[in-house]
Amino acid sequence: MAPKSKEEVIELLESISRLLELKGENVFKVRAYTNAARALETFTGDFAAAVTEGRLGEVAGVGAALQEKITEFVSAGALPYYEKLREEFPPGLFELFELQGLGPKKIKALWEQLDVINIDALEAACKDGRVAELKGFGEKTAGNILVSIQARRQYAGAFRFGDVAAEAETLLHELKQLPEVLHASLAGSYRRRKEVVHDLDFIVATRDAEPVSGFFVGHSNVETVLAKGATKSSVRLVGGIQADLRVVTPEEYPSALLYFTGSKEHNIALRSRALARGWTLNEYRLGPDDKAKIKPDPVPSIRSEKDLYAALGLDYIEPELREDRGEITAAEGHRLPHLVELENLRGTFHNHTTESDGRSSLKEMVSAAQELGLDYLGISDHSVSSFQAHGLDVGRLLKQVATIREMNERFDGEFKIFAGVECDILKDGTLDYPDDVLAQLDYVVASVHASFTQSQAEMTARLLRAMSNPYVTMLGHMSGRLLLSREAYAVDVPAVIDAAAQTKTVIELNANPRRLDMDWRWWPLAKEKGVLTSINPDAHHVSQLQYLWNGVGIARKGWLRPSDVINTLPLGKIEAQLSVKRSS
DNA sequence: GCCGTTTTCGGCCCGACTGTTTTCAGTCG
């Protein structure tokens with residue numbers, strides 16, 4: 001049996017934490033397990049080696065007891081402590097945690113007193129009145145549980161960033177228009193540009209809270225009001241996502257924005273820095289800590305998030321970086337990267353037209369790119385094997401190339417279309433066109449569109465072989481994942497990154513909101529190895545060139561600078577970049 | 001269960017809101 005992976009250990013720790021919670025264990029003991037799971041999530045070293053060499057305890061948050069349990073689980077493939085714990089509870093009980101408003105105490109009561117062992121049993125108990133009769137429960141609680149059950153069945157609680165962005169930005173814009181509103185921002189994982197978000201957090205600064213809260217809960221996009229208080233309201237929007245509003249004073253605004261932007265781990269690190277200075281940092285203010293043993297320095301005046309970071313001895317940290325993945329140390333040492341911005345992009349590659357499966361013509365795509373202010377546009381329709389996408393055979397492809405060359409002559413050097421293709425990587429890693437055809441193109445995006453179920457070794461070898469072709473300029477949507485609908489195929493990402501560095505192959509950052517592939521967590525490694533990216537919308541319609549915005553957010557999460565992104569290069573320089581590989 | 005300029009015991013973030021209560025427990029973020 002293969003030793004358990006880091007991911008399996010993280011899952012184990014989270015499961016134990018939940019079980020201990022149900023048991024009513026000490027909350028700090030419960031938290032120790034989730035803390036350890038989080039610590040491992042951000043652990044970048046060789047996990048297997050750390051386990052066998054007994055160095056896991058060096059990870060902050062993993063002590064002697066957990067090191068022993070993890071080592072046993074990894075080497076023996078099972079942990080009796082966990083198995084025993086699990087047998088104490090019916091398996092269906094865990095899905096109850098996914099219901100809004102139910103925590104360990106209530107779930108325990110429902111199980112022990114009403115024999116509720118899953119969501120269906122809970123629904124029945126709510127409907128026949130047994131839940132309402134329980135001590136600590138009532139009619140309202142029973143009703144709310146039914147609503148939560150309904151909501152879970154309908155929405156499952158996760159939303160792609162790109163699917164909620166329009167609704168979120170519109171609501172924010174409308175809040176900003178209110179006369180009472182002094183400042184307003186989205187916070188939370190949305191502001192950090194996570195690829196999948198679970199709710200929307202709005203922070204508003206005002207002297208007059210009531211009209212703002214009233215506007216929010218009464219908005220036409222609100223389906224249900226979940227809570228409404230003086231400073232905090234929650235609603236479910238018609239799109240299904242939950243939205244929370246926090247109303248604060250202008251003085252509290254910087255702290256509130258920082259606090260609710262998170263991530264939680266980032267905040268904890270900031271708070272400990274404050275404590276070390278004899279201050280306390282919460283969602284309202286940075287102030288003197290009454291319990292401090294040291295005599296605190298005077299607290300500087302705070303008017304912005306930047307002031308807060310400065311007070312803690314840190315450079316300003318962009319929201320996308322606030323994941324406790326090294327940004328605090330970098331901010332302390334003035335080593336934060338200057339992140340790429342949308343304005344830096346001068347063009348883009350990987351776009352489709354009506355020639356394959358796009359819905360806009362070549363001319364329409366070019367006009368749209370020009371309107372966006374781009375200087376160049378790469379066209380890469382599907383290759384012949386992508387039959388379902390009307391992939392181009394050699395004849396149609398070369399005809400498109402000729403059309404593009406002809407159009408370019410009319411731009412007078414002000415704009416340029418690059419003739420490319422999105423070439424299928426076949427099952428064995430060979431390409432869909434012979435080299436002498438690829439050589440006639442300005443660039444090639446090579447992507448996997450079939451045979452997703454190969455083993456990790458086969459898939460990795462397949463990608464490596466494709467990258468070894470001198471005409472493959474960049475690797476398209478490397479993992480093949482479709483967020484919230486299709487898992488990534490098995491591939492050894494570090495091996496692909498190494499090969500990309502060696503062969504000078506660009507790895508695309510596919511900005512389509514359903515993909516956002518390669519995942520942002522891998523970009524720091526790619527950057528370290530010297531791998532460049534191209535932020536590509538994978539546009540199938542003129543409107544989808546806007547996906548670039550989404551892609552820049554992910555690039556920023558991946559710590560990428562303009563110099564890491566080839567499509568920040570202007571016309572005149574980008575040509576040389578595209579031919580780096582084939583001329584070396 | 002973890003951790004240590006509060007250092008081997010005794011803390012561990014904490015405030016807002018709801019619903020069920022008559023002063024607070026549970027949940028959430």
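Computed from a predicted structure; not experimentally measured.
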Under 3.5 Å, is there a donor-acceptor pair linking the side chains of A:Q242 and A:H198? no
State which of B:dA16, B:dC2, B:dC3 makes the closest approach to the side chain of A:Y284. B:dA16
From the candidates B:dT18, B:dC17, B:dG1, the one with an atom nearest any side-chain atom of A:N144 is B:dT18
Please name the residue in the list A:L237, A:L245, A:V222 that meets the side chain to side chain contact (heavy atoms under 4.5 Å, CB included) test with A:L171. A:L237
Looking at DNA chain B, which of [range] put a heavy atom within less than 4.0 Å of it?
range                       : answer
residues 193-219 of chain A : none
residues 24-36 of chain A   : A:N26, A:F28, A:K29, A:R31, A:A32, A:Y33
residues 81-90 of chain A   : none

When the [atom1] atoms of [N] and [M] are considered, how many whole Å apart are they?
N      : M      : atom1 : value
B:dT8  : B:dC3  : C1'   : 10 Å
B:dT20 : B:dT27 : P     : 13 Å
B:dC2  : B:dC13 : P     : 16 Å

With [X], which residues qualify under side-chain contact (heavy atoms from CB on, under 4.5 Å), at least two apart?
X      : value
A:R246 : A:I203, A:K232, A:F260
A:Q544 : A:R359, A:A539, A:H540, A:H541, A:Y547
A:R285 : A:E252, A:N282

Need the pair for B:dA25. Rule: Watson-Crick or G-U wobble, both distances under 3.5 Å, any strand; none if unpaired. B:dT18
Please list all pairs meeting ring-ring contact (aromatic ring centres under 6.0 Å, His included) that have one or both residues in residues 64-88 of chain A, counting only residues at least two apart or in different chains. none
Going 5' to 3' through nucleotides 20-25 of chain B, assign each nucleotide B (protein heavy atom under 4.0 Å from a base atom), S (under 4.0 Å only from sugar-phosphate atoms) or - (no protein heavy atom that close). S-----
Restricting to pairs with a member in residues 53-68 of chain A, which pass salt bridge (Lys or Arg N to Asp or Glu O under 4.0 Å), not counting sequence neighbours? A:E53-A:R55
Considering only residues two or more places apart or on different chains, which pairs with a residue in residues 178-194 of chain A satisfy salt bridge (Lys or Arg N to Asp or Glu O under 4.0 Å)? A:R191-A:E305, A:R192-A:E323
CZ on A:R514 to NE2 on A:H477, rounded to 0.5 Å: 11.5 Å
Interatomic spacing from CZ in A:F159 to CG in A:L483 - rounded to 0.5 Å: 14.0 Å
Residue met sooner reading DNA chain B from 5', once A:E283 and A:D244 are mapped to nucleotides: A:E283
5' precedence on DNA chain B between A:A230 and A:G57 (nearest-nucleotide basis): A:G57
Roughly, in whole Å, what's the span from CD1 in A:I145 to P in B:dT18? 17 Å
Output the rounded distance in Å from CG (A:L286) to P (B:dC13). 18 Å
Pick base, sugar-phosphate or nothing for A:L281, based on heavy-atom distances below 4.0 Å to the nucleic acid. nothing
What nucleic acid atoms does A:K69 come within less than 4.0 Å of, heavy atoms only: base, sugar-phosphate, or nothing? sugar-phosphate
Is the number of heavy atoms from other residues, nucleotides or ligands under 6.0 Å of A:E11 CD greater than 12? no
Flag yes if more than 12 heavy atoms outside A:E251 fall under 6.0 Å of its CD atom; otherwise flag no. yes
Does a side-chain N or O from A:T231 land closer than 4.0 Å to OP1 or OP2 of B:dC17, or not? yes
State which residues pass salt bridge (Lys or Arg N to Asp or Glu O under 4.0 Å) with A:D120; sequence neighbours excluded, sorted by chain then number. A:R153
Under 3.5 Å, side-chain donor or acceptor atoms of residues 88-106 of chain A against the rest of the protein: list the pairs with distances, not counting sequence neighbours.
unit_1 : atom_1 : unit_2 : atom_2 : d
A:E88  : OE1    : A:K23  : NZ     : 3.3
A:E88  : OE2    : A:K23  : NZ     : 3.2
A:E95  : OE2    : A:I119 : N      : 3.0
A:E98  : OE1    : A:R152 : NE     : 2.7
A:E98  : OE1    : A:R152 : NH2    : 2.7

